[in-house]
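Remarks on the structure that follows.
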2 protein chains.
Amino acid sequence: MTPDTARSDAGFTVGRALRPTAKVLPEHARAHNRALVLQTLLAGGAASRADLARETGLTRVTVSDLVAELIAEGLIVELGHREDARPGKPATLIDFARDAHRILAVDLSEHSLVRGAVVDVDGNVLERIELPLDGATGDAVVELVLDVLVRLQALADAPVLGIGIGSPGVVDRVGVVHSAPNLGWREVDLQRRVAVATGLPVHVGNDANAATLAELRGTASDDLLVVTVGRGVGAGVVLGGRLVFGSAWAAGEIGHVVVGTDGGAPCACGKEGCLETWLSVPRLEARLAAADGEEAREAVLREAGRRLGIVLAPVVGALNLSELVVSGPEELLGGALLGATADTLRNRTMAELTRDLRLRMTAHGKDIVLRGAAVMVLSGQLGVS
Amino acid sequence: MTPDTARSDAGFTVGRALRPTAKVLPEHARAHNRALVLQTLLAGGAASRADLARETGLTRVTVSDLVAELIAEGLIVELGHREDARPGKPATLIDFARDAHRILAVDLSEHSLVRGAVVDVDGNVLERIELPLDGATGDAVVELVLDVLVRLQALADAPVLGIGIGSPGVVDRVGVVHSAPNLGWREVDLQRRVAVATGLPVHVGNDANAATLAELRGTASDDLLVVTVGRGVGAGVVLGGRLVFGSAWAAGEIGHVVVGTDGGAPCACGKEGCLETWLSVPRLEARLAAADGEEAREAVLREAGRRLGIVLAPVVGALNLSELVVSGPEELLGGALLGATADTLRNRTMAELTRDLRLRMTAHGKDIVLRGAAVMVLSGQLGVS
DNA sequence: GTTTGTTAGTAAAGCTTACGAACAAACAGC
DNA sequence: GCTGTTTGTTCGTAAGCTTTACTAACAAAC
């Protein structure tokens with residue numbers, strides 16, 4: 001049932017140490033070039049066929065051929081002649097048919113609600129639905145998700161390209177949620193169930209990974225790590241422009257890594273001093289409430305930021321990241337906390353590693369997982385992002 | 001429509017979130033398939049064309065075509081008919097021409113000598129040369145390397161496929177050593193200089209990365225980290241079967257990450273409590289010499305192992321690795337030290353992450369970088385490993 | 001108004017690549 | 001000897017990209 005292609009690494013041997021594992025046919029090459037044309041349009045905006053040829057390296061002939069195919073499928077539209085005055089035959093502008101498709105996105109990362117949205121291919125949220133979770137678990141959550149999706153579909157003003165769902169927990173590449181304690185899920189084949197119920201293409205991923213994809217779309221960095229801070233603490237890792245899944249789909253699980261060698265508060269997991277005990281929103285709020293005065297409050301934030309830096313330092317060293325992004329409540333994380341993290345990273349790693357490292361809050365706010373879920377659909381259906 | 005189509009992946013855009021960036025032509029696909037055939041033979045040993053077709057998924061026709069090309073190039077040889085009695089036309093066995101090519105490998109990771117070897121395509125060291133470094137730096141080291149290579153070439157009993165060099169420091173993808181303090185190198189284009197001098201294909205990489213490639217070749221793991229312990233401490237990271245280079249070619253630089261929150265010995269880099277101050281061979285030996293009695297010596301080793309575990313815990317969490325390999329003096333690292341690292345990792349990360357994690361010493365011993373340098377050549381020249 | 005030069009897009013032909021169909025060779029088993 | 005099986009090759013075909021050559025359409029210069 002699992003398609004071979006889902007696991008096959010059909011990439012070319014560009015990355016040196018990559019063992020070739022599956023055959024590659026000319027039609028795969030064409031699919032890649034097709035995605036390349038789409039990607040160029042999606043990211044760069046309207047252009048002529050000749051522009052696309054110059055940018056992709058393909059010939060004008062090939063681009064014309066691919067464009068004709070994409071126009072026939074309704075993914076690309078002709079906009080008419082370019083206005084500006086240049087010598088030569090005026091160019092026919094074409095663009096990604098941005099209003100021809102919508103994406104349904106679902107965010108399950110919030111503790112108490114299911115968030116859904118109709119999103120366009122540029123990541124703009126057009127319609128929104130939020131249903132309370134009310135402590136539901138197991139199948140009830142799946143039903144709730146389907147309920148949200150039915151309502152979203154009614155709100156969509158164009159055909160739906162696909163459904164993207166960001167779920168907490170361990171999610172594999174084909175959309176099976178192996179474990180999501182908060183939702184009472186174990187081995188739930190969410191991809192299949194939603195696909196069967198809706199008849200649409202469905203892509204399910206871990207919520208932190210979805211957030212990371214949203215971030216990746218807006219940055220030039222190819223090596224970044226996104227830390228998500230909420231009730232729990234998670235992370236998504238991109239290396240060489242590629243999301244890291246890990247050997248058991250559990251990459252990014254840094255919330256229960258012990259920080260430092262000086263103890264810490266007891267954690268729900270049984271250990272002491274896990275990152276979550278320093279950084280999770282409930283813990284941070286509790287500490288802030290207990291703190292007396294502005295100075296004490298800032299000390300709480302700085303200490304949390306320091307702990308984050310302590311955990312990230314070995315990761316930055318091992319991976320030579322170029323960007324660290326933090327997602328979560330900006331009023332808690334954006335100020336002294338992030339500053340302390342930056343200081344700590346500088347103090348605990350080689351200067352060469354932090355010199356070109358950017359550390360910042362996300363600009364996506366609360367929509368980050370929704371937008372990431374949309375990226376999952378774009379990527380899965382069209383090979384673009 | 002069906003979940004099947006919903007799960008289909010778009011050919012080359014592997015790993016979902018990979019932006020297509022370059023065109024792909026049919027000839028690239030052929031190069032990939034060619035490497036696939038070679039890889040299958042190299043790893044699986046002699047086989048018939050029909051065997052290869054079954055294993056690769058290509059047709060017998062295509063395999064025959066590729067094999068003919070490879071035979072013409074001398075990379076593959078026919079061995080004659082298969083002996084075993086089966087119905088049907090007897091198969092003609094073919095195999096990688098293992099004795100038709102040699103690789104020259106150079107290891108610059110040792111502090112006091114240049115190690116060189118003639119290596120066969122299976123990674124066996126056939127001839128060895130070691131020249132003392134005698135404190136040489138800069139151009140003198142380059143000359144020494146060229147000297148070693150001339151001698152090695154005289155010892156090679158078959159045409160040389162290429163030269164692989166594992167160097168300490170920051171080495172980029174095209175073989176420029178941006179910084180290797182021990183050798184007095186800054187921005188040394190080692191690849192070009194050796195290629196010009198020898199007229200052979202040359203591949204230069206970081207020594208820890210080379211070691212990691214050697215390890216990768218012998219394991220089924222696609223997500224592993226190799227820690228190299230010598231005068232310094234370094235690491236190489238493989239994720240999804242692919243070496244991680246980092247945004248500035250500095251991935252794996254964990255030697256100067258500060259460990260823990262309880263101070264430590266001063267380090268040459270100016271900080272205190274870097275991993276190297278706990279784990280490097282000179283520091284370890286000094287501490288062991290100062291320790292009084294077997295119990296104290298074991299405490300030293302256990303503490304060093306614990307510090308390694310503290311640094312690796314966040315990395316294991318972030319990446320969900322399946323294998324950790326340690327390279328270095330086995331008498332120091334192999335016993336109590338490694339045991340303490342394992343204990344520490346278990347105590348400081350989620351149980352799910354360590355359950356399937358293997359932690360072990362390398363089996364390559366001192367030849368690990370030489371073998372890895374050979375893998376670099378195999379990979380770079382033939383697309384195999 | 002004409003000429004010149006440039007750019008956009010298309011058409012035709014050719015090369016490369018992989019595939020399917022068909023076949024001969026070579027063998028085991030009866 | 002006959003049948004069935006397996007191997008490896010030959011032949012023709014489809015897909016995909018390129019090169020070459022063309023038409024259309026424009027700006028600039030005269």
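Both backbone and side-chain heavy atoms feed into the values below; hydrogens, waters and symmetry mates do not. Letters A, B, ... mirror the listed sequences (proteins, then strands); counts begin at 1. Quick caveat: nothing in here was measured; it's all calculated off a predicted structure.
- Heavy-atom nearest nucleotides on DNA chain C were determined for Arg49(A) and for His81(B), and the one closer to the 5' end corresponds to Arg49(A).
- If you check every strand for non-hydrogen atoms under 4.0 Å, Val63(B) touches nothing.
- We find the CG-CG distance between Leu36(A) and Leu66(A) to be 9.0 Å, quoted to the nearest 0.5 Å.
- Comparing dT18(D), dA21(C), dT17(C) by their closest approach to the side chain of Glu27(B) singles out dT17(C).
- In this structure, Thr219(B) contributes its side chain and Glu215(B) its backbone to no donor-acceptor pair below 3.5 Å.
- Asp65(B) comes within 4.0 angstrom of no nucleic acid atom, judged by non-hydrogen atoms across all strands.
- Nearest-nucleotide mapping onto DNA chain D: of Thr62(A) and Val61(B), the residue sitting toward the 5' end is Val61(B).
- The side chain of Lys23(A) places no N or O atom within less than 4.0 Å of a non-bridging phosphate oxygen (OP1 or OP2) of dT17(C).
- With distances taken from any side-chain atom of Leu58(A) to the nucleotides dA21(C), dT18(D), dG8(D), the minimum falls on dT18(D).
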With side chain to side chain donor-acceptor pair (under 3.5 Å) as the criterion, how do Ser48(A) and Asp51(A) come out once you've worked through the C-alpha distance, each side chain's angles and the decisive distance to 0.1 Å?
CA-CA 5 Å; Ser48(A) 70; Asp51(A) 293 335; 3.1 Å; yes
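- Looking only at atom types and distance, the side chain of Ser379(A) has no donor-acceptor partner in the side chain of Ser385(A) under 3.5 Å away.
- His28(A) has its NE2 atom 22 Å from the P atom of dT16(C), to the nearest Å.
- Within 4.0 Å of Arg54(A), counting heavy atoms only, lie sugar-phosphate atoms of the nucleic acid but no base atom.
- A straight line from CG of Leu70(B) to P of dG8(D) spans 15 Å, rounded to a whole angstrom.
- Going from atom CG of Leu66(B) over to atom C1' of dT9(D) covers 15 Å, rounded to whole Å.
- Nearest nucleotide to the Asp51(B) side chain, out of dT7(D), dG16(D), dT18(D): dT7(D).
- The interatomic distance linking Ile94(B) (CD1) with dT7(D) (P) rounds to 12 Å, in whole Å.
- Within 3.5 Å, no donor on the side chain of Arg30(A) pairs with an acceptor on the base of dG16(D), nor the reverse.
- A sub-4.0 Å separation between OP1 or OP2 of dA15(D) and a side-chain N or O of Arg34(A) is absent.
- Taking every side-chain heavy atom of Arg60(A) into account, dT10(C) is the closest of dT10(C), dT18(D), dT17(C).
- One finds a side-chain N or O of Thr59(B) lying less than 4.0 angstrom from the OP1 or OP2 phosphate oxygen of dC19(C).
- When distances run from any side-chain atom of Pro26(B) to the nucleotides dC17(D), dG8(D), dA21(C), the shortest one goes to dC17(D).
- Heavy atoms of Ser48(A) sit under 4.0 angstrom from primed sugar atoms or phosphate atoms, though from no base atom.
- At distances below 3.5 Å, at least one donor-acceptor pair connects side-chain atoms of His32(B) with backbone N or O atoms of Ala22(A).
- With sequence neighbours left out, the salt bridge (Lys or Arg N to Asp or Glu O under 4.0 Å) criterion links Glu69(A) to Arg30(A), Arg34(A).
- Nearest to the side-chain atoms of Ala50(A) among the listed nucleotides dC17(D), dG9(C), dA21(C) stands dG9(C).
- No donor-acceptor pair closer than 3.5 Å links the side chain of Lys23(A) to the backbone N or O of Thr56(B).
- Looking at Asp120(B), its side chain does come within 3.5 Å of a backbone N or O of Asp122(B) through a donor-acceptor pair.
- The main-chain N or O of Val119(B) is never found under 3.5 Å from a side-chain atom of Arg102(B) such that the two would form a donor-acceptor pair.
- Put simply, Asn33(A) has no side-chain N or O that comes within less than 4.0 Å of OP1 or OP2 on dG16(D).
- Between Ser64(A) and the phosphate of dA8(C), there is no side-chain N or O to OP1/OP2 separation shorter than 4.0 Å.
- Nearest nucleotide to the Pro90(B) side chain, out of dT9(D), dC27(C), dT10(C): dC27(C).
- Leu52(B) places its CG atom 16 Å from the C1' atom of dA18(C), with the value rounded to the nearest Å.
- The backbone N or O of Pro201(A) lies less than 3.5 Å from no partner atom in the side chain of Gln381(A), so there is not a single donor-acceptor pair.
- With rounding to whole Å, Leu36(B) atom CG is found 11 Å from dA18(C) atom P.
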Review item, nucleotides 3-5 of chain D N/O atoms under 3.5 Å of protein N/O:
from: dT5(D); atom 1: O2; to: Gly88(B); atom 2: N; distance (Å): 3.1

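- Axis angle across the helix from dG1(C)-dC30(D) to dC30(C)-dG1(D), with five pairs used at each end and values rounded to 10°: 10°.
- With values rounded to the nearest 0.5 angstrom, Ile165(B) atom CD1 is found 5.5 Å from Leu149(B) atom CG.
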